[in-house]
Protein chains: 2
Amino acid sequence: MVRKPTSKETARKPNMREAILAAAEELFATNGFNAVSVRDIAQAAGANPGSVTYHFKTKDGLLLEIYRRHCGPMNLRRSELLAAAKRVRDLQDRLEAIVRAYVVPAFTSGSDLAGGGARFTRLRAVMSAEGNEVARKIIAQTFDDTSHAFIDAIHESLPHIPRTDIVWRSHFLLGALYYSLVTPDRVSRLSRGEADGSDAAGAIEQLVQATVAAFQAPALDQAAPARRRAVVSSKT
Amino acid sequence: MVRKPTSKETARKPNMREAILAAAEELFATNGFNAVSVRDIAQAAGANPGSVTYHFKTKDGLLLEIYRRHCGPMNLRRSELLAAAKRVRDLQDRLEAIVRAYVVPAFTSGSDLAGGGARFTRLRAVMSAEGNEVARKIIAQTFDDTSHAFIDAIHESLPHIPRTDIVWRSHFLLGALYYSLVTPDRVSRLSRGEADGSDAAGAIEQLVQATVAAFQAPALDQAAPARRRAVVSSKT
DNA sequence: TGATCTTTTGTACGATAGTACAAATCACAT
DNA sequence: ATGTGATTTGTACTATCGTACAAAAGATCA
């Protein structure tokens with residue numbers, strides 16, 4: 001606002017760099033990394049293929065920049081919400097608040113960057129499924145700290161549950177979260193139109209409710225596995 | 001055993017067609033569809049690229065055949081286990097048996113085809129994330145019936161829970177299941193070596209335990225969402 | 001206005017993709 | 001052993017990929 005923009009920040013079209021980032025994010029998130037060509041991205045952004053190379057050097061560089069854009073704000077938001085959640089007195093309410101602090105930023109905008117964090121979360125889900133190397137490196141070193149913070153917080157709310165179980169359950173939470181964003185239509189289809197899989201608020205409520213209950217499940221003791229076959233094959 | 005094999009069933013190498021299918025399954029499941037070339041598959045199978053075209057015509061045809069191979073046996077197995085589970089008297093035990101009937105075939109072999117259903121389930125997870133068209137069509141028309149059968153069975157065990165909630169929770173189950181197969185290393189990493197994400201038996205027990213609790217969570221009433229913000233931002 | 005720097009365009013290059021196809025090779029019945 | 005059909009090989013074609021780069025166009029300030 002105060003300073004005047006230098007030539008470095010000006011561009012012919014409103015903001016071609018941002019348009020390319022947004023187009024790439026959308027296309028990667030819905031089709032995967034390899035299925036999308038640089039030309040596809042350029043066309044969707046109304047740009048020339050050469051512009052992509054100019055701004056991001058390589059296709060990997062473009063993906064890297066998308067991650068850089070979102071990781072910081074999203075983790076910041078999660079940390080803030082987690083800090084607030086930890087101040088909740090009632091243990092049951094606190095657990096729910098912690099889960100919500102983890103889930104909400106993934107569905108809504110991690111920052112205000114062009115329409116929200118749901119698209120970025122979906123992108124992460126797809127990259128994770130594809131085993132994308134660039135994504136794998138950034139994710140491990142960017143999200144593991146936050147994941148540990150949440151696991152620790154949940155563990156404090158449920159001290160009688162082994163940490164291992166908490167890890168598994170939070171892993172399931174992330175999987176459920178990812179899948180909800182990847183194929184929301186499946187929910188609409190299986191519920192025969194009664195539920196809308198694309199409704200973020202509805203998905204959040206369902207996910208939080210189910211996950212809190214999952215975390216509160218009894219600890220998994222080592223004797224349990226022996227029960228498995230007996231229960232399944234029982235005919236009475 | 002009885003009949004003697006005709007020339008139609010013989011081949012130079014033990015079974016090149018099967019080798020190609022197995023190699024493709026493995027590569028697709030770990031790297032996605034587009035990242036794997038026909039040449040990659042041929043090399044992994046010890047075959048010539050031309051052989052792939054000969055046996056499966058196109059790359060899509062190869063994927064299609066992988067699905068055809070597994071879908072039938074896997075759904076059959078699930079149906080059998082579901083039928084057995086529905087005969088369990090105790091409601092709590094029955095719910096667990098139903099969930100187990102859904103989960104177990106996804107982790108262990110859906111048939112005895114070359115090492116198990118876990119690889120195929122992972123493949124489905126990856127194809128679903130990539131939005132693969134070939135897979136999407138087969139999945140919807142092959143698995144939806146089974147999914148509905150499970151949802152109905154669970155609904156009968158939990159009549160006080162709205163069907164919509166059951167659909168959401170079973171969707172979360174599938175997401176958790178997929179994610180456990182896609183990135184098992186994440187569990188090992190976050191648990192600091194205390195848990196092994198690649199251990200199918202352990203994953204199944206954790207998943208069943210958590211999911212049963214999730215299904216048993218109270219129904220989501222429409223008033224709940226209003227509580228959301230209050231809980232998160234509460235400072236006391 | 002003209003010099004200078006940034007951005008966009010257009011095009012081209014080498015690599016690799018999926019697939020087609022003829023020739024070679026193999027298994028087996030006769 | 002020999003002919004026949006199934007399979008495998010080798011290779012080639014076309015399309016498209018990521019990327020490089022020179023030229024054009026636009027913006028900025030003396």
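Just so it is clear, the model here is predicted, and its values are computed rather than measured. Proteins get letters first, then strands, A, B, ... in listed order; numbering begins at 1 in each.
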*Find out whether B:Leu21 and B:Leu62 are in side-chain contact, i.e. whether some heavy atom of one side chain is under 4.5 Å from a heavy atom of the other.*
yes
*Is the shortest side-chain N to carboxylate O distance from B:Arg122 to B:Glu26 below 4.0 Å?*
no
*Should we count CD of A:Gln43 as having more than 12 external heavy atoms under 6.0 Å?*
no
Collect all protein-nucleotide pairs involving nucleotides 17-20 of chain C in which both atoms are nitrogen or oxygen and the distance is under 3.5 Å.
residue: C:dG18; atom: OP1; partner: B:Lys59; partner atom: NZ; Å: 2.7
residue: C:dG18; atom: OP2; partner: B:Val38; partner atom: N; Å: 2.8
residue: C:dG18; atom: N7; partner: B:Arg39; partner atom: NH1; Å: 2.7
residue: C:dG18; atom: O6; partner: B:Arg39; partner atom: NH2; Å: 2.8
residue: C:dT19; atom: OP2; partner: B:Lys59; partner atom: N; Å: 2.7
residue: C:dT19; atom: O4; partner: B:Arg39; partner atom: NH2; Å: 3.4

*asked:* In whole Å, I'd like the distance from the CG atom of B:Asn15 to the P atom of C:dA27.
replied: 14 Å
*Is a donor on one side and an acceptor on the other found under 3.5 Å between the side chain of A:Ser188 and the backbone of A:Gly197?*
yes
*Do we get A:Arg186 above B:Phe143's six-membered ring, with its NZ or CZ under 6.0 Å from the centre and within 45° of the axis?*
no
*Starting from P on D:dT19, measure out to CG on A:Leu63 and report it in whole angstrom.*
12 Å
*If you round to the nearest 0.5 Å, how far is OH of B:Tyr179 from CG of A:Leu173?*
10.5 Å
*Which whole-number value in Å describes the distance from A:His55 NE2 to C:dT9 C1'?*
12 Å
*Whole angstrom value for the distance that separates P of C:dT8 from CZ of A:Phe56*: 10 Å
*Does B:Tyr54 place a side-chain N or O at less than 4.0 Å from the phosphate oxygens OP1/OP2 of D:dT8?*
no
_What is the distance, to the nearest angstrom, from the CE atom on A:Met16 to the P atom on D:dG26?_
13 Å
*What is the distance, rounded to the nearest whole Å, between atom CD1 of A:Ile20 and atom P of D:dG18?*
14 Å
*Please give, in whole Å, the distance from D:dG10 C1' to B:Gln43 CD?*
16 Å
